[in-house]
Amino acid sequence: MPELFPSPASTPRVRFAPSPTGYLHVGSARTFILNWLFARHNHGTMVLRLDDTDLERNTDTSVQSIFEGLRWLGLNWDEEYKQSERLALHRQAAEAIFARGLAYRDFTPAHAGDDNQSGPQGAWLFNSGMRDLSREESDRRAAAGEAFALRFRVPRGTDRALRFIDGVYGEQSKLADEVEDFALLRSDGMPTYHLASCIDDADLHISHIIRGQDHLTNTFKHLLIFEALEAKAPQFAHLPLLVAPDGAKLSKRKHGPVVSVTTYRDAGFLPQAFINFLCLLGWSPKNDRDFLTLDEIRDLFTLDGVNRANAVVNFTEADPFDPKAVWLNAEHLRALPVEELSEKLMPFFEQAGFHPSPKMVAAVTPLIRERIKLLRDAAPAADFFFLSELPPYDPAELIPQKGDAALAARVLQHAEQVLATTTFDHASLESALREAAAALNLKAGSMFQPIRVAICGRKNAPPLFETMAVLGRDVCLPRIRQAIAKLDALA
RNA sequence: GGCGCUAUCGUCUAGGGGUUAGGACGUGAGAUUCUCAAUCUUAAAACACGGGUUCGAUUCCCGUUAGCGCUACCA
């Protein structure tokens, strides 16, 4: 018999195999990232494979959104496959398994035994009527056109233990007798996940399967399939699951868009921050560091650092983002060169309805970058830089803590005079205004608050002098006059 | 129900037979400051429970409890 799957390559080959049944969710994204890290750390190959054998649930939009998500992450892969294009191989391999007597046809109508398959006695393992059907009768019913699923004939009564060493969970074993006769082929002839996945992993010479822990117990079935395929089983490493605060596995249905990577992207997460955050869920660099660049993570990444307990993504109804993710994003934002951050900010300004020049954005960016955590925070933080007309504000804001409207008016009038002649740069503005405060016998705070509110329309804003320097005299003076008018109206 | 996996501050985690059980986020207090933010200092906050083994267990073993996963012709 010719060898169906020649021996695997020696450099590590890993794969990410999403099934296109929805958007890319954070759990999948993390699996992808950790596979990528493993591949790149070990100078191996990263394979992307679309596991699209479930015709009922696959959609093109899902394929699009998965690619969109992966592209946003910015991590590349080396080879790309579609499982649905490999059906001939799957059928051929299934036929070979059947021919060797390692599988049998099950003519039980689909879903017929759903209810009483398992109960107090234990799990359903097999239907002896079907398992023991004679080859002749099986052939006859198949020839007559009766639909059947192909099931693996799991060894029975052998005391045989299936074992493997998991890269994360260590030694694993389970009695073959406790594994049910799982399906290989559906009655429509399509391979199941287990079959297609193992065949492709063998055929693509995948050396390490790194995937969610929800597959840990499935691995015993996969061992059986690899053996039936006469292929060497790859190494396995299972990753702890990402769960919601209530402990339930993250799911699209139950948790909605908070688990979609596009939600993070649209809120203004940086891909590197998102990756940093995801890596820290269930993996540790063991060096007390949290803020890490992609290169650092790649250099540090090993399976030893992977934890075994599920990790909670700490989101709430009020806030869909884990506070740590937000903090990391703020850190990564500040680590970005100003020009780069400016470019990232531009689309968020546009989306908010502002159309500032790149030059303006470049000037504003350093003033807001320590005041935003997500890119989407930028527009509300910088609106007054772009608006020709300030939004209405309460004139009472113009009045300093220890003072009254008259004082505020005096401050603004004095400022108006001073600013008429001051050069609009940081140093000149600061010295001029500090002198003005001294002249009025005021503390800096009392002097600056009315001006800040007049210029920005609110009390909390970026540093005053830099802000005024960016805005320029032609914008600042009218705003101060307007503030004076508001104060007059108050009186 | 069966099988498998897991258990350190609210969350992410480090540690490991003898430690003041470390770090980070978040929270509280203070400092700094033209406001806010950033920054700095600081506080509160954890070894699920019960048995062993041991001179000594948070750490090793067993059990309990709890949680999660698989138990589909989904992946």
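Just so we're on the same page: letters track the sequence lines, and every chain starts at 1.
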Would you mind telling me which of [options] lies closest to the side-chain atoms of [X]?
X: Arg371(A); options: rU35(B), rC70(B), rG1(B); value: rU35(B)
X: Lys286(A); options: rC70(B), rA14(B), rG4(B); value: rA14(B)
X: Asn460(A); options: rU13(B), rU35(B), rC12(B); value: rU35(B)
X: Lys324(A); options: rC34(B), rA24(B), rU71(B); value: rA24(B)
X: Glu466(A); options: rC12(B), rC3(B), rC34(B); value: rC34(B)
X: Pro323(A); options: rC25(B), rC73(B), rU13(B); value: rC25(B)
X: Leu241(A); options: rC3(B), rU11(B), rC68(B); value: rC68(B)
X: Lys249(A); options: rG69(B), rG26(B), rU35(B); value: rG69(B)
X: Phe448(A); options: rG69(B), rC25(B), rC34(B); value: rC34(B)
X: Gln213(A); options: rA24(B), rC5(B), rC12(B); value: rC5(B)

Scan [X] against the nucleic acid and name what it touches under 4.0 Å (heavy atoms): base, sugar-phosphate only, or nothing.
X: Glu331(A); value: sugar-phosphate
X: Phe220(A); value: nothing
X: Ala461(A); value: base
X: Asn287(A); value: nothing
X: Arg369(A); value: nothing
X: Asp214(A); value: sugar-phosphate
X: Thr21(A); value: nothing
X: Pro463(A); value: base
X: Ser187(A); value: base
X: Gln449(A); value: nothing
X: Gly282(A); value: sugar-phosphate
X: Leu464(A); value: base

Any side-chain N or O of [X] less than 4.0 Å from the OP1 or OP2 oxygen of [N]?
X: Arg308(A); N: rU6(B); answer: yes
X: Gln172(A); N: rG4(B); answer: no
X: Asn310(A); N: rC68(B); answer: no
X: Lys174(A); N: rG2(B); answer: no

Quick one: does NZ or CZ of [X] land under 6.0 Å from the six-membered ring centre of [Y], within 45 degrees of the ring axis?
X: Arg151(A); Y: Tyr104(A); value: no
X: Arg141(A); Y: Phe107(A); value: yes
X: Lys373(A); Y: Phe321(A); value: no
X: Arg49(A); Y: Tyr81(A); value: no

Only pairs with both distances under 3.5 Å count, Watson-Crick or wobble alike; so what is the partner of [N] in this structure?
N: rU20(B); result: none
N: rC5(B); result: rG67(B)
N: rU33(B); result: none
N: rU42(B); result: rG28(B)

Between [N] and [M], how far is it from one [atom1] atom to the other, in whole Å?
N: rU58(B); M: rU13(B); atom1: C1'; result: 16 Å
N: rA14(B); M: rA21(B); atom1: C1'; result: 10 Å
N: rU6(B); M: rU19(B); atom1: P; result: 27 Å
N: rA48(B); M: rA38(B); atom1: C1'; result: 39 Å
N: rU39(B); M: rA46(B); atom1: C1'; result: 29 Å
N: rA7(B); M: rC12(B); atom1: P; result: 12 Å

Atom [atom1] of [X] and atom [atom2] of [N]: how far apart are they, to the nearest Å?
X: Phe385(A); N: rC36(B); atom1: CZ; atom2: P; value: 17 Å
X: His222(A); N: rC70(B); atom1: NE2; atom2: C1'; value: 11 Å
X: Asp290(A); N: rA14(B); atom1: CG; atom2: P; value: 12 Å
X: Glu180(A); N: rG4(B); atom1: CD; atom2: P; value: 14 Å
X: Phe321(A); N: rC12(B); atom1: CZ; atom2: P; value: 19 Å

query = Do Asp200(A) and Lys82(A) sit within salt-bridge range, that is, some charged N less than 4.0 Å from a carboxylate O?
reply =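 Between Lys82(A) and Asp200(A) there is no salt bridge, as every charged N stays at least 4.0 Å from the carboxylate O atoms.
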request  = Examine the base of rC70(B) for any acceptor or donor lying under 3.5 Å from a partner atom in the side chain of Thr217(A), and report the outcome as yes or no.
outcome  =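 Donor-acceptor pair under 3.5 Å: no.
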Distance-only donor-acceptor check, side chains [X] and [Y], under 3.5 Å:
X: Gln172(A); Y: Asp166(A); answer: no
X: Thr423(A); Y: Asp425(A); answer: no
X: His215(A); Y: His238(A); answer: no

